[in-house]
2 protein chains.
Amino acid sequence: MRADRRRRLERAGWTVGDAGDFLHLTDEERRFVDTKLALAEGLRRWREQLGMTQTQVAKRFGSSQSRVAKMEAAHRTVSTDLLLKSLFRLGANQRDIARFLNQKPRVHAA
Amino acid sequence: MRADRRRRLERAGWTVGDAGDFLHLTDEERRFVDTKLALAEGLRRWREQLGMTQTQVAKRFGSSQSRVAKMEAAHRTVSTDLLLKSLFRLGANQRDIARFLNQKPRVHAA
DNA sequence: TGCCAGTATGTCTAATCTGACATACCATGA
DNA sequence: TCATGGTATGTCAGATTAGACATACTGGCA
């Protein structure tokens, strides 16, 4: 579970030392990352719900598929601003966002 | 109420044409701005709750009072990333954020 | 196996955001 | 009235992020 979490973060572009000192992320940082992951997951679920591909979404955004992939991966070059704007562009509203934040992360839960 | 809302946005640095065509903010933009305002208000309330001044908060952040003022004003040069990080640094958590988002805005409500 | 749609990753340049500083505003109390 | 503490606004240089493009991975199916 710790390892899984770390993998997710690394995939997301966070250069984490190695497993042990993973904890020199401060509490704030951890909360921030978790929030970003929640939004990213929310975005992916929302897109899938709409039955759209990343490419289709990218086109609608006037952006590129690669950028959408990074959004959903909560990559470090992706801001929460971008995640929020993207969700809104796909029709989500403020309450949907709040819902995503209250949702327990599905992946590193097991 | 419309006028009040507009004033808030202008104070926040959004160049809004004039009252009438205020509506050429798209839905997405409006939702995004509202979200930012909610976080900004949340930050101010959180700080006041802690009985701190903007200057004190700035010092704790390693930032400046002017930046804190802009955060609380949801100024356009302030990202939601900064707002979230700031809230987390003051001890808020993801659920607190969700709560802020579900809260009806106090100001342009009347 | 070889294709293909969908997704992921790396790296550029332009645009945006950050903290700092200077300065202005705004109440309240002497 | 004028200090003073707290808050707001404008601007700038350095840091970070956006979209684009190239390219690589992945799973399914002929």
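Keep in mind it's a predicted model, so treat the numbers as computed, not measured. Protein chains get the first letters and strands the later ones, always in sequence-line order, with residue 1 at the start of each.
- Taking 3.5 Å as the limit, the base of D:dG10 and the side chain of B:Lys70 contain a donor-acceptor pair of atoms between them.
- Here A:Ser79 does not reach the OP1 or OP2 of C:dC17: none of its side-chain N or O atoms lies under 4.0 Å away.
- In terms of phosphate contacts, B:Arg76 brings no side-chain nitrogen or oxygen within less than 4.0 Å of OP1 or OP2 of D:dT9.
- Closest contact between the side chain of B:Ser66 and the listed nucleotides C:dT18, C:dG6, D:dG10 involves D:dG10.
- Counting to the nearest Å, the P atom of C:dA15 and the CG atom of A:Leu82 are 17 Å from each other.
- Distances were taken from every side-chain heavy atom of B:Arg47 (C-beta onward) to each of D:dC21, D:dA18, D:dT7; the shortest belongs to D:dT7.
- Ionic pairing of B:Arg31 and B:Asp34 is not present here: no N-O contact between side-chain nitrogen and carboxylate oxygen is shorter than 4.0 angstrom.
- Among the nucleotides C:dA20, D:dA8, D:dA18, the one closest to any side-chain atom of B:Ser64 is C:dA20.
- Below the 3.5 angstrom threshold, one finds no donor paired with an acceptor across the side chain of B:Gln54 and the base of D:dA8.
- Across D:dT7, C:dG19, D:dA18, the shortest atom-to-atom separation from the side chain of A:Arg67 is found for D:dA18.
- Nearer to the 5' terminus of DNA chain D, by closest-nucleotide assignment, is the contact made by B:Met52 (compared with the other of B:Lys85 and B:Met52).
- Counting heavy atoms from C-beta outward, A:Arg95 and B:Leu101 have side chains that stay 4.5 Å or more apart.
- Side-chain atoms of B:Gln65 come within donor-acceptor range of the base of D:dA8, with a qualifying N/O pair under 3.5 Å.
- Residue A:Val78 is classed as a sugar-phosphate contact, given heavy-atom separations below 4.0 Å to backbone atoms only.
- At the phosphate of C:dA8, OP1 or OP2 sits under 4.0 Å from a side-chain N or O atom of A:Arg44.
- Of all nucleotides listed (D:dG19, C:dT18, D:dT9), D:dT9 comes nearest to the side chain of B:Ala69.
- Distances shorter than 4.0 Å separate some side-chain N or O of B:Ser63 from OP1 or OP2 on C:dG19.
- A salt bridge links A:Asp27 with A:Arg30: at least one charged nitrogen is closer than 4.0 Å to a carboxylate oxygen.
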